[in-house]
2 protein chains.
Amino acid sequence: MPLVLRKASLPAARRLYSASAAAGLRINADRLQETIHHTCQWGAAHRYGSGPAETGMSRLSLSDDDAQVRRWFAEETKKLGCNLVVDNLGNMFASRRGSLPNPTPMIAMGSHLDTQPRGGRYDGILGVVAAVEVLRTLAENGYSTHHDVGVVNWTNEEGARFPKSMMASGVWAGKIPLDQAYSLPDIFDPSATVKSELQRLGYIGDVACSSAGHPLGAHFELHIEQGPILEESGKKIGVVQGGQAYRWFTVTVSGRDAHTGTTPFKSRSDPLLAASKMIVSSNAIAKKLGALASTGVVKIPPSSSTNTIASQVTFTLDIRHPDDAIVDEVQRLCTESFGVIAKEDGRGVQVDMSLDTDSPATKFDPDCIKMVEKAATKLVGADGWLHITSGAGHDSVNTSSRCPTTMIFVPCKNGVSHHPEEYCSPEDCALGAQTLLEAVINYDKFKAGQ
Amino acid sequence: MPLVLRKASLPAARRLYSASAAAGLRINADRLQETIHHTCQWGAAHRYGSGPAETGMSRLSLSDDDAQVRRWFAEETKKLGCNLVVDNLGNMFASRRGSLPNPTPMIAMGSHLDTQPRGGRYDGILGVVAAVEVLRTLAENGYSTHHDVGVVNWTNEEGARFPKSMMASGVWAGKIPLDQAYSLPDIFDPSATVKSELQRLGYIGDVACSSAGHPLGAHFELHIEQGPILEESGKKIGVVQGGQAYRWFTVTVSGRDAHTGTTPFKSRSDPLLAASKMIVSSNAIAKKLGALASTGVVKIPPSSSTNTIASQVTFTLDIRHPDDAIVDEVQRLCTESFGVIAKEDGRGVQVDMSLDTDSPATKFDPDCIKMVEKAATKLVGADGWLHITSGAGHDSVNTSSRCPTTMIFVPCKNGVSHHPEEYCSPEDCALGAQTLLEAVINYDKFKAGQ
């Protein structure tokens with residue numbers, strides 16, 4: 001279904017939460033949609049339909065398009081009376097003063113405005129634009145929070161142009177050295193680096209990119225799910241418990257090339273047969289433990305042919321679970337199983353498993369989670385939302401090591417993301433923004449009452 | 001072990017069969033070796049050791065190197081008193097008159113002098129050179145056969161330069177139209193065709209390339225096994241029963257690309273998991289039926305990545321068995337199994353299986369086989385040889401549809417062929433040539449006695 005902006009479809013969505021809006025505050029669903037698509041003029045690409053919003057996005061970090069949407073962000077938040085801080089990695093922190101006498105580390109609503117080269121209109125963008133809509137709603141209702149509340153636009157979350165995803169939140173959290181981020185080259189034009197592009201665009205601020213340089217009181221991130229769980233279960237809000245652990249392996253299976261017609265099974269050393277068994281086995285192991293194990297890439301030598309046993313096969317293995325111990329166990333059982341499989345057929349094969357990435361599980365903050373649960377229950381009832389664990393990486397995974405953090409997921413069509421046709425309905429965008437608003441207000445009240 | 005020509009190693013081999021040589025005829029093992037490597041001066045390539053014969057071969061059909069070895073063949077067989085016929089596809093038939101008053105369709109010893117671009121010194125070459133050695137042995141002993149006996153050098157058996165393997169024997173047997181063969185282009189330089197290269201080298205003869213134009217009384221082919229069966233079983237001679245049937249399929253499994261971290265198993269349509277199960281299943285099915293099923297190639301979209309389920313996977317499936325009915329059954333069970341697997345995981349996948357090549361089983365001539373068995377038993381004892389089915393294609397598979405045919409296999413090191421280091425020991429080459437000599441004499445006597 002192509003995205004067509006029909007005003008007629010919005011009142012129903014607004015009714016969904018209007019009765020229960022916190023302190024009578026109600027985000028403007030129409031304005032949210034208009035703002036999303038207004039900002040998507042910078043970097044619109046990959047048209048897939050004739051409607052005005054029927055394109056995806058290509059707004060790479062620190063490109064000219066990114067600079068333009070950053071300018072919009074700066075102007076828009078200044079109009080709302082925010083104070084804008086840009087740190088020395090180009091992260092933009094726009095904060096609105098709370099009523100407490102001294103400024104506090106702001107309760108942040110954060111996400112990113114950069115996209116994949118063939119991305120859509122919702123990943124990252126929704127989180128920032130919805131946060132701006134929250135600030136607008138607070139401002140136009142004259143609502144005063146206790147603490148400072150604001151929006152962060154994190155630099156280079158996608159890692160598509162400069163190959164390090166969640167880059168700037170990683171530097172802020174102390175996981176990535178600033179110099180390493182600065183020196184990342186554009187993957188197509190190595191003469192441009194993060195630092196040279198920040199300089200070119202005038203986005204190196206005075207404040208250090210770190211949780212000490214610019215601390216945050218909390219971090220709430222609204223994001224499309226990027227998977228099908230909410231849509232398939234008919235739920236409207238995902239209350240995110242954390243980011244699952246994942247480990248990526250390259251498995252290399254070595255055998256001996258041989259003629260398929262003249263070599264009996266017992267004389268073969270067939271790495272493709274063994275690799276196939278390993279892929280099947282890893283799936284069964286993960287299924288049994290409630291984890292995920294996936295193979296996305298299989299490579300054979302380019303000289304392979306129909307009637308020749310391949311000499312070597314490599315495949316990727318991606319193991320995920322919210323609990324590190326389960327990832328450990330899946331890895332252990334896969335290693336064990338691969339060893340058995342390697343000996344099973346003919347003369348056997350050699351197998352080598354190398355760890356490429358190890359990302360431990362993240363547990364989000366129980367108080368933040370409680371505030372989102374409360375907001376979601378008010379808006380869609382206790383049956384309308386579910387607990388969910390993020391399968392993908394997000395800036396929130398980084399911020400959670402330095403400040404109380406959680407995320408709010410909204411459904412996306414068919415679970416598709418990182419694709420031009422990525423889509424979240426106007427109703428779900430609005431519901432997500434309203435949940436964000438109420439969760440932040442809940443948290444502000446909760447912290448003030450402590 | 002590199003090939004080193006050591007004369008010292010040869011007497012033992014000659015003793016192996018000298019006592020039992022037919023009619024006292026004994027091929028000259030040293031001369032056979034010298035001739036093999038003499039002819040390999042044309043097209044020697046891919047050095048892998050420092051010895052004079054430690055290279056492989058690159059003698060593509062109708063190349064200048066091929067023209068030179070053809071000239072050697074013509075001169076050598078003429079020296080032996082043979083009559084040389086070249087047909088209009090460049091096949092060379094050198095025949096030595098028998099004692100019967102009228103010339104008879106010759107009992108041929110055939111193979112080919114062309115090689116793969118990265119081939120070795122034994123595939124095809126051994127069959128032709130050993131046949132010349134048989135003629136030399138007959139001539140120097142003044143041995144007169146009843147029927148005409150001779151050697152064929154078939155054009156473009158490898159199909160490496162002009163992409164149609166067993167080309168000229170296929171035309172001779174009426175399986176490939178002459179014009180189709182003529183118009184085959186060089187795979188790297190399409191301006192050169194089989195016909196233009198035959199014309200350039202002066203190898204278009206007057207005789208039609210067909211079993212009517214130049215009939216044969218029988219066809220015996222000595223060849224390295226190209227597999228490990230003889231070596232592993234410690235047998236010296238394979239008495240070939242026929243060529244096994246083979247069918248090649250391309251299996252296309254279509255699913256949906258999705259994020260490995262955010263997509264639960266039940267929501268996936270994972271073609272790589274399904275393809276892996278299919279490869280494993282085809283192997284189990286073939287094993288149960290004593291057949292072969294092999295996958296040499298797996299392809300995924302080039303955009304595939306570690307954390308993305310692939311959208312489509314294609315793999316090749318090569319099914320083989322000496323009996324067409326078993327190949328049918330393996331195909332049927334694979335189709336059935338693939339259909340079940342396609343529905344097994346998550347949302348299932350689509351599977352399509354297309355037949356690319358269908359080559360029915362060939363049964364060689366029982367009389368020819370008997371004559372080889374008799375020769376082999378004399379030379380190495382009843383325990384020294386075994387029945388074997390050819391897994392690869394050979395000119396004999398074509399000739400067998402038009403004249404009584406069989407083949408003799410000798411071991412090759414590690415079962416390796418189509419490789420520069422392809423190797424058959426001087427002893428085994430000599431034993432193969434002696435078996436060829438005796439089988440042909442047996443057959444000549446048998447036919448004369450009928």
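By convention in this document, chain letters (A, B, ...) are assigned in the order of the sequence lines, proteins followed by strands, and residues within each chain are numbered from 1. Worth saying up front: this structure is predicted, and the values here are computed from it rather than measured.
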Novice: Please walk me through it: do W248(A) and N307(B) pass side chain to side chain contact (heavy atoms under 4.5 Å, CB included)?
Specialist: CA-CA 9 Å; W248(A) 289 358; N307(B) 68 341; 3.5 Å; yes
Novice: Measuring from K266(B):NZ to I229(A):CD1, what's the distance to the nearest 0.5 Å?
Specialist: 7.5 Å
Novice: Considering only heavy atoms, which portion of Q244(A) lies under 4.5 Å from any heavy atom of chain B: side chain, backbone, both, or neither?
Specialist: side chain
Novice: Taking atom CG of D257(A) and atom NE2 of H419(B), what is their separation to the nearest 0.5 Å?
Specialist: 7.0 Å
Novice: How about E225(B) and T262(A): does a side-chain donor come under 3.5 Å of a side-chain acceptor?
Specialist: no
Novice: Can you tell me which portion of D345(B) sits under 4.5 Å from chain A's heavy atoms? Options are side chain, backbone, both or neither.
Specialist: side chain
Novice: Inspect the surroundings of CD in Q350(B) and state if more than 12 heavy atoms from other residues, nucleotides or ligands are less than 6.0 Å away.
Specialist: no
Novice: Heavy-atom pairs under 4.5 Å with chain B: which of V297(A), T308(A), I388(A) has the most?
Specialist: V297(A)
Novice: Of the non-hydrogen atoms in H259(B) and G391(A), which two are nearest, and what is the gap between them?
Specialist: CE1-O, 4.2 Å
Novice: In terms of heavy-atom proximity below 4.5 Å to chain B, should T316(A) be classed as side chain, backbone, both, or neither?
Specialist: side chain
Novice: Around atom NZ of K343(A), are there more than 12 heavy atoms of other residues, nucleotides or ligands at under 6.0 Å?
Specialist: no
Novice: Identify which of S390(A), A293(A), G415(A) forms the greatest number of heavy-atom pairs closer than 4.5 Å to chain B.
Specialist: A293(A)
Novice: Please report the shortest heavy-atom distance between L292(A) and F265(B), naming the atom on each side.
Specialist: CA-CZ, 3.8 Å
Novice: With a 4.5 angstrom heavy-atom cut-off, which part of I279(A) approaches chain B: side chain, backbone, both or neither?
Specialist: both
Novice: Which answer fits S305(A), side chain, backbone, both or neither, if we ask what part of it has an atom under 4.5 Å from a heavy atom of chain B?
Specialist: backbone
Novice: Need one label for K299(A): side chain, backbone, both or neither, based on atoms under 4.5 Å from any heavy atom in chain B.
Specialist: neither
Novice: Identify which part of A284(B) has an atom lying under 4.5 Å from any heavy atom of chain A, answering side chain, backbone, both or neither.
Specialist: neither
Novice: Under 4.5 Å heavy-atom distance to chain B, tell me which part of A286(A) shows up: side chain, backbone, both or neither.
Specialist: both
Novice: I'd like to know whether S276(B) forms a side chain to side chain contact (heavy atoms under 4.5 Å, CB included) with K277(A), so could you lay out the CA-CA distance, the side-chain angles of the two residues, the decisive distance to 0.1 Å, and finally the verdict.
Specialist: CA-CA 7 Å; S276(B) 299; K277(A) 288 183 163 195; over 6 Å; no
Novice: Between T295(B), N414(B), V416(B), T389(B), which residue shows the highest count of heavy-atom pairs closer than 4.5 Å to chain A?
Specialist: T295(B)
Novice: Taking side chain as everything from C-beta outward and backbone as N, CA, C, O, which of these in A258(B) sits under 4.5 Å from a heavy atom of chain A? Side chain, backbone, both or neither.
Specialist: neither
Novice: Where do R268(A) and S294(B) come nearest, in terms of heavy atoms and distance?
Specialist: NH1-OG, 2.7 Å
Novice: Under 4.5 Å from any heavy atom of chain A, what part of Q226(B) do you find: side chain, backbone, both or neither?
Specialist: both
Novice: Out of V280(A), I309(A), T250(A), which one racks up the most heavy-atom pairs below 4.5 Å with chain B?
Specialist: V280(A)
Novice: Is the closest side-chain donor-acceptor distance between D318(A) and T306(B) under 3.5 Å?
Specialist: no
Novice: Does any backbone or side-chain atom of T260(A) lie under 4.5 Å from a heavy atom of chain B? Answer side chain, backbone, both or neither.
Specialist: both
Novice: Please report the shortest heavy-atom distance between V298(A) and L272(B), naming the atom on each side.
Specialist: CG2-CD2, 3.6 Å
Novice: I'd like to know which of R256(B), M278(B), K287(B) tops the heavy-atom pair count under 4.5 Å against chain A.
Specialist: K287(B)
Novice: Under a 4.5 Å heavy-atom cutoff, which of D270(B), N283(B), V313(B), T263(B) has the most pairs with chain A?
Specialist: N283(B)
Novice: Under 4.5 Å, heavy atom to heavy atom, which residues of residues 351-360 of chain A contact chain B?
Specialist: none
Novice: Can you say whether A245(A) sits under 4.5 Å from chain B via the side chain, the backbone, both, or neither, judging by heavy atoms?
Specialist: neither
Novice: What closest approach, in Å, do G296(A) and A310(B) show between heavy atoms, and which atom pair accounts for it?
Specialist: O-CB, 4.4 Å
